[in-house]
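See structure below.
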Protein chains: 2
Amino acid sequence: MSNIREVARLAEVSVATVSRTLQQPDLVSLKTRNKVLAAVKAAGYKPNLMAVRFRSGKTHNLVVLVPTVANVFFARVISGMQEAAHENQYALLLGNTLGDDEMEAAYAKMVQTSQADGLIQLRAHNPFSAAEPAESNDEAPALLPMVNACEVLDKAPCPTVVLDNRAAASAMTEHLLALGHRRIAMIKGPARSPLTRDRVAGYRDALQEAGVPFAEELLSPGNFSLQSGYQAAGDLLALPDPPTAIFCENDEMAIGAIQRIKQQGLRVPADISVAGFDDISFAAFTDPPLTTIAQPAEEFGRTAVRLLIDVLEGKLSKAPKVILPFDLVIRGSTGPAPGQ
Amino acid sequence: MSNIREVARLAEVSVATVSRTLQQPDLVSLKTRNKVLAAVKAAGYKPNLMAVRFRSGKTHNLVVLVPTVANVFFARVISGMQEAAHENQYALLLGNTLGDDEMEAAYAKMVQTSQADGLIQLRAHNPFSAAEPAESNDEAPALLPMVNACEVLDKAPCPTVVLDNRAAASAMTEHLLALGHRRIAMIKGPARSPLTRDRVAGYRDALQEAGVPFAEELLSPGNFSLQSGYQAAGDLLALPDPPTAIFCENDEMAIGAIQRIKQQGLRVPADISVAGFDDISFAAFTDPPLTTIAQPAEEFGRTAVRLLIDVLEGKLSKAPKVILPFDLVIRGSTGPAPGQ
DNA sequence: GTGAAAGCGCTAACAT
DNA sequence: ATGTTAGCGCTTTCAC
């Protein structure tokens with residue numbers, strides 16, 4: 001690989017002039033500039049960005065911590081990030097952490113060791129906290145070079161991008177209530193997830209509003225996988241007084257639930273309605289097509305990246321909380337409660 | 001951020017000793033080592049990896065070129081890459097290229113400008129070719145710091161990881177033939193993809209073997225999306241003599257096809273059988289569950305990364321072609337041809 | 001408008 | 001066992 005010195009030699013100028021020609025051409029006379037450009041071409045010179053970045057202290061890399069890329073929703077979020085990152089000349093370092101704290105800490109270290117400028121976390125966990133109990137200066141805690149999106153910490157020390165999960169869950173529950181359902185179950189995610197907490201809260205809000213008593217047994221735990229939806233639906237169906245509608249915390253679980261329901265010989269939505277959350281591409285292709293809450297997944301990614309870049313460039317003094325809109329998408333999987 | 005000099009000052013040793021303590025502790029006396037370690041802690045010192053890498057000329061970054069992360073199959077491949085990369089202390093730079101040559105060239109440039117050591121391409125296209133018509137030395141063309149996986153160039157100048165797509169398509173077609181089908185359609189991918197070419201070849205192999213004439217009209221083009229499967233199935237069903245089985249080049253298209261078939265009032269597999277390719281997680285949850293070809297997606301990723309690292313470390317003199325196994329997974333979407 | 005030289009943080013000869 | 005020093009490729013004062 002040729003370096004700047006070789007170009008300088010070929011063009012018979014100093015290295016400084018070569019650097020200037022490439023960085024601030026106005027400072028160089030046209031004649032010299034052409035000479036240099038010719039030499040650059042002749043040498044097949046490509047600036048070593050490692051060196052540039054080392055010197056500038058900016059890597060132009062962003063770490064993305066995602067529980068699983070293999071999740072359709074997250075894949076869309078990453079797609080959006082990619083788009084915004086590329087537009088802003090940043091590259092994305094992918095950290096598929098499987099929700100493992102240590103793995104996350106390892107990736108967070110990339111920021112601390114100047115391999116990346118900042119980090120985007122899609123889970124409610126501060127990957128830096130484990131790394132090192134931040135130097136306890138008496139100063140106000142500085143803004144971490146991080147953005148927390150989708151599943152967000154309650155007191156995130158950084159900008160956040162969220163959906164109003166509580167309102168969304170409430171909207172879906174209201175839809176089900178309006179169809180005459182009174183036994184509405186919910187297949188939820190991991191109990192300690194803020195996502196689950198907010199969505200369950202929204203579900204309860206709607207129930208209370210409608211004067212329908214909340215029943216603990218109608219809350220069935222899942223882990224966002226197809227299998228867990230299948231499993232949870234089985235449990236719900238086995239109840240003495242089974243639900244007439246099941247609201248799932250994501251589309252995968254809803255798809256799993258639908259399969260289980262059909263296997264029991266029941267019809268969706270004639271016997272039991274099913275709703276999901278996310279509106280992944282497959283949601284429109286289930287049988288029947290899935291009623292769900294659409295989230296602007298790509299926009300989550302784009303917004304997160306833009307915010308992070310703002311933080312890195314010092315354009316932000318306070319950590320904003322961006323709330324993205326949701327959309328209730330009614331398809332065929334929800335219908336009037338039996339006997340309505 | 002503290003640097004090595006500060007630590008040296010604190011520990012009252014030279015910078016070299018600090019470096020050695022961290023890199024080759026055996027060369028340093030226990031006493032000095034402890035002194036240094038204490039200083040490292042006191043200073044909150046984290047080596048600047050940008051500097052380390054700049055100096056070593058190795059970035060420990062790998063660029064991954066993927067047409068779309070939002071594709072379930074690719075997401076699994078990336079998952080596997082991530083795993084192998086992390087094991088080997090490499091990080092993955094994600095390039096969601098949307099199959100755009102220019103975008104790919106831009107990412108390829110990251111390798112040429114020392115932002116990444118190598119590249120993995122999941123599409124049949126050489127991202128370096130566009131970048132610069134490789135210096136035409138008379139030397140034998142060197143091994144590019146690249147691995148081509150999944151969809152592979154015919155004459156890839158690098159290691160490749162593939163499935164025997166022809167054999168897999170043939171196996172699926174044989175399965176359909178064995179069920180008595182004679183009008184077997186295929187919803188294929190983009191015509192110029194080697195994937196499509198090989199799979200169609202395998203399909204024709206099996207047909208010929210069984211003495212079933214090939215019919216051009218039974219080949220319907222798609223683009224691997226749910227929608228395109230839906231569309232293509234509609235076209236096939238409108239044929240004067242429609243097929244009794246449809247083999248789709250991926251699961252998404254199969255899922256789209258199934259929806260279309262049901263909308264026409266036909267039953268799967270009683271009236272028409274449907275088969276897919278990939279065995280994505282959703283395949284087991286369609287109604288009926290999808291017969292498909294399982295590909296070891298994660299293994300594609302792992303193998304590609306390992307091969308690339310071998311190339312980078314100069315362990316490979318020739319470019320190997322690794323062929324991964326497939327598995328015919330028979331579920332409920334394929335059954336005896338009507339009237340059997 | 002151009003060149004000389006310092007220096008980013010680190011490692012690795014080479015000395016001692 | 002430890003220190004001294006050169007240098008990775010580049011940018012950026014500071015002179016001229």
Side-chain angles (χ1 to χ4, degrees), chain A residues 1-40 42-61 89 109-117, chain B residues 1-40 42-61 89 109-117:
Chain A
M1 207 64 196
S2 62
N3 62 20
I4 199 171
R5 234 173 346 264
E6 187 179 337
V7 176
R9 199 170 42 72
L10 250 60
E12 299 178 299
V13 298
S14 70
V15 292
T17 301
V18 176
S19 174
R20 271 191 290 257
T21 305
L22 268 23
Q23 306 304 325
Q24 315 155 59
D26 338 331
L27 300 185
V28 181
S29 77
L30 184 61
K31 202 176 140 215
T32 317
R33 218 188 303 165
N34 289 141
K35 222 169 32 173
V36 172
L37 259 20
V40 165
Y45 172 67
K46 296 250 187 302
N48 179 333
L49 285 192
M50 275 295 290
V52 174
R53 290 168 177 196
F54 159 53
R55 203 177 185 293
S56 74
K58 298 283 167 228
T59 64
H60 270 239
N61 285 160
Q89 331 268 32
K109 216 172 165 186
M110 299 184 78
V111 176
Q112 299 165 320
T113 56
S114 308
Q115 283 182 83
D117 299 338
Chain B
M1 207 64 197
S2 61
N3 61 22
I4 200 173
R5 237 174 343 266
E6 188 180 336
V7 176
R9 197 171 45 72
L10 251 60
E12 299 177 297
V13 297
S14 72
V15 293
T17 301
V18 176
S19 175
R20 270 191 290 257
T21 305
L22 268 24
Q23 306 303 326
Q24 316 156 59
D26 339 331
L27 300 184
V28 181
S29 76
L30 184 60
K31 203 176 141 213
T32 317
R33 218 187 303 165
N34 288 142
K35 221 169 32 169
V36 171
L37 259 20
V40 164
Y45 172 67
K46 296 251 185 305
N48 179 333
L49 285 193
M50 276 294 290
V52 174
R53 288 168 177 199
F54 159 53
R55 201 178 185 295
S56 72
K58 298 283 166 229
T59 64
H60 269 237
N61 285 159
Q89 331 270 35
K109 214 172 165 185
M110 299 185 79
V111 176
Q112 299 165 319
T113 57
S114 309
Q115 283 183 83
D117 299 337

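In what follows, chains carry the letters A, B, and so on, assigned in the order in which the sequence lines appear, proteins first and then strands, with residues in each chain numbered from 1. Heavy atoms only: backbone and side chains are in, while hydrogens, waters and symmetry mates are out.
- The nearest whole Å value for the distance from the CG atom in A:Asp26 to the P atom in C:dG1 is 10 Å.
- One interatomic measurement links the two molecules: CD1 of B:Ile4 to P of C:dA12, which rounds to 11 Å at whole-angstrom precision.
- Among C:dG1, C:dT11, C:dC10, the nucleotide with an atom closest to any side-chain atom of A:Thr32 is C:dG1.
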Atom pairs, N/O to N/O, protein against nucleotides 4-7 of chain D, distance under 3.5 Å?
residue	atom	partner	partner atom	Å
D:dG7	N2	B:Arg55	NE	2.4
D:dG7	N2	B:Arg55	NH2	3.3

What donor-acceptor contacts under 3.5 angstrom involve side-chain atoms of residues 17-24 of chain A, with partners at least two apart or in another chain?
residue	atom	partner	partner atom	Å
A:Thr17	OG1	A:Ser14	OG	3.2
A:Thr21	OG1	A:Thr17	O	2.6

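- In terms of position along DNA chain D, the nucleotide closest to B:Val13 lies nearer the 5' end than the nucleotide closest to the other residue of the pair B:Val13 and A:Leu22.
- To the nearest 0.5 Å, the span separating CZ on A:Arg33 from CG on A:Asp26 amounts to 7.0 Å.
- The distance between atom NZ of B:Lys58 and atom C1' of C:dA12, rounded to the nearest whole Å, is 17 Å.
- To the nearest angstrom, C1' of D:dC8 lies 16 Å from CD of A:Glu6.
- Counting to the nearest Å, the C1' atom of C:dA12 and the CD atom of B:Gln24 are 9 Å from each other.
- One can place CE of A:Met50 at 14 Å from C1' of C:dT11, the figure rounded to the nearest angstrom.
- For the atom pair CG of B:Asn48 and CD of A:Gln115, the computed distance is 9.5 Å after rounding to the nearest 0.5 Å.
- Rounding to whole angstrom units, CZ of residue A:Arg53 and P of C:dG9 are separated by 18 Å.
- Here A:Met50 contributes atom CE and B:Ser56 contributes atom OG; the two are 6.5 Å apart, rounded to the nearest 0.5 Å.
- Per the geometry, CZ belonging to B:Arg33 stands 10 Å off P belonging to D:dA1, to the nearest Å.
- Not a single donor-acceptor pair under 3.5 Å links the side chain of A:Thr113 to the backbone N or O of B:Pro47.
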(request) Evaluate the criterion side-chain contact (heavy atoms from CB on, under 4.5 Å) for residue pair A:Thr32 and A:Val13; output intermediate values, then yes/no. (result) CA-CA 8 Å; A:Thr32 317; A:Val13 298; 3.8 Å; yes

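- Between A:Ser114 and C:dG9 there is no side-chain N or O to OP1 or OP2 distance below 4.0 Å.
- For A:Asn48 and D:dG9, the shortest distance from a side-chain N or O to OP1 or OP2 is not below 4.0 Å.
- In this structure, B:Met110 CE and A:Asn61 CG are separated by 6.0 Å, a value rounded to the nearest 0.5 Å.
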